[in-house]
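The structure appears right after this line, and notes come after that.
All chains are named by letter (A, B, ...) in the order of the sequence lines, taking the proteins before the strands, and each is independently numbered beginning at 1.
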Number of protein chains: 2
Amino acid sequence: MLQNKTRIALVDDHPIVVEGLEKVLSVVKHMKIAGRFTNGKDLLSFLNYTAVDIVLLDITLPDINGIDLCKSIKTNFPQIVVLALSNLSNRGIIIDVLKNGASGYLLKNVSRDELVSSINTALRGEIVFSQDVKEIISSPQLTNFPETARLTTREKEVLGLIALGKTTAEISGLLYISKFTVESHRKNLLQKFNARNVAELIRMATQQGFL
Amino acid sequence: MLQNKTRIALVDDHPIVVEGLEKVLSVVKHMKIAGRFTNGKDLLSFLNYTAVDIVLLDITLPDINGIDLCKSIKTNFPQIVVLALSNLSNRGIIIDVLKNGASGYLLKNVSRDELVSSINTALRGEIVFSQDVKEIISSPQLTNFPETARLTTREKEVLGLIALGKTTAEISGLLYISKFTVESHRKNLLQKFNARNVAELIRMATQQGFL
DNA sequence: ATAAAAATCACTGTTTTCAGGGATAGCAAA
DNA sequence: TTTGCTATCCCTGAAAACAGTGATTTTTAT
């Protein structure tokens, strides 16, 4: 029944992880590894001449951003199911991935069983998350989502200086602007990241890739 | 020649990675996987009643810090070779790991071949690094480099709460200790990370893998 | 057993942040 | 041309952080 096996493509920049996925999935009877890749470009060209049912996709890749890659796959091959598998536990990223057509999101610490059952669920057309991801998604205050904050140039500048440990007075001196202006930017940063103080601000900004 | 095989213990919080390592190493004739673990505690108790030659050790673990775990292993079982395998590409961490007795440091993007040859090299008593790590170590400004801070359990706890945006008063309430105590920990954290304020503290702590 | 390290608590005074108000000017898109 | 966004500037008062110093108790390791 070769023709009935689920054809899986693996993409992860860590060869070791690819091996692990292959090992776990190869023992599942109805699954077949159709291709393994450590970058996005190779996967895309592979998909042009080989049919696969599902792509297990890492978000952190050397060449293409996993989110964009997901979008490309779904645009060019809408029938392919994409399941994200990443270390990134950032709520905004998870949502972005889903927005771009992924059928689910797994953290890399999934167990073998959870991995297999998640693939099966995704193949049935359902959206699937690993346990940890569910918690992240249903985290408190799901209103006013912290989807990646949109910062102005000046705000990014100020944010960088805050992260370096500069005080408002110092930043005002460095940028040749009044301390009140810096305080404004500070307030806006706290608000945009929904943070109570700089500690949380820096954590959020780091998680969202600003630092 | 069972008795001559190299006995390997694997520690990584990601089951998939453990599978991958196992798959890669199991095809090497003279190697044998003696144990697989996803946390440090289990490994330590295992070592008490089973002899192994080398431990492949992830730095990010759910219970114990990989650096401390390395130290424990080398203290209690000096003959065991420890080879660190991590995603963390921070120079200070690498140096700390080596200081605590590791025989080398590999990034998780090592190739299969590099992994096997590195293990062999480490077993011969040499220090070994993956290609990327070599570059990090020989990077500019090797003077005044912030080595990883050594934090106590309580300090890590407080640090985590600070990163969540909790104030001193809140932390004192959460941990059932006086606000003065929290202030002490705070001061020590700032000092250990050589930070001027929480903003810098959080950045440093993140860079060094504490958050 | 004892020394070292960690965790706890205490006080004072200064600096900085944060929350809450506003205001003005420039610029670009609708 | 109005509307919205960015960047700038201003003030106040309360809350929090930070610096400096010191001490006691508890745990851990040798």
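Side-chain proximity of B/Thr168 to the nucleotides C/dA19, D/dT21, D/dA17 is greatest for D/dA17. Distance from the side chain of B/His185 is smallest to C/dT8 among D/dC10, D/dC18, C/dT8. Nearest nucleotide to the side chain of B/Leu190, out of C/dA7, D/dA19, D/dA17: D/dA19.
We find the CD1-CZ distance between B/Ile8 and B/Arg36 to be 11.5 Å, quoted to the nearest 0.5 Å.
Within 4.0 Å of B/Thr167, counting heavy atoms only, lie sugar-phosphate atoms of the nucleic acid but no base atom. Contacts of A/Ser184 with the nucleic acid, taken as non-hydrogen atoms under 4.0 Å apart, include base atoms. Using a 4.0 Å heavy-atom distance criterion, A/Thr181 is classed as a base contact.
For B/Lys187 and D/dT21, a side-chain-to-base donor-acceptor distance below 3.5 Å is present, hydrogens and geometry of angles not being considered.
What separates CG of A/Leu201 from C1' of C/dT16 is a distance of 15 Å, to the nearest Å. Rounded to an integer number of Å, the gap from A/Gln191 CD to C/dG20 P is 10 Å. Atom CD in B/Glu183 sits roughly 21 Å away from atom P in C/dA6 (whole-Å rounding). Per the geometry, CZ belonging to A/Phe180 stands 18 Å off P belonging to C/dG21, to the nearest Å. Taking atom CD of residue B/Glu155 and atom P of nucleotide C/dA5, one finds them 13 Å apart after rounding to whole Å. A straight line from CD of A/Glu170 to P of C/dT17 spans 9 Å, rounded to a whole angstrom. What separates CG of B/Leu189 from P of C/dT8 is a distance of 13 Å, to the nearest Å. Distance B/Lys179 NZ to C/dA7 P: 22 Å, rounded to the nearest Å.
Judged by closest nucleotide on DNA chain C, B/Ile177 is the one of B/Ile177 and B/Asn197 placed further toward the 5' end. With DNA chain C read from its 5' end, the first of the two nearest nucleotides for A/Arg186 and B/Thr152 is the one closest to B/Thr152.
Each of B/Val158, B/Asn65, B/Leu159 was compared with B/Leu151 under the side-chain contact (heavy atoms from CB on, under 4.5 Å) criterion, and only B/Leu159 meets it.
Sorted by first then second residue, the ring-ring contact (aromatic ring centres under 6.0 Å, His included) pairs that include residues 169-206 of chain B, not counting sequence neighbours, are B/Phe193-B/Phe210.
Counting non-hydrogen atoms of neighbouring residues, nucleotides and ligands closer than 6.0 angstrom, the NZ atom of B/Lys156 exceeds 12 such neighbours.
The existence of a salt bridge linking B/Glu183 and B/Arg186 is excluded, since no basic side-chain nitrogen approaches an acidic carboxylate oxygen closer than 4.0 Å.
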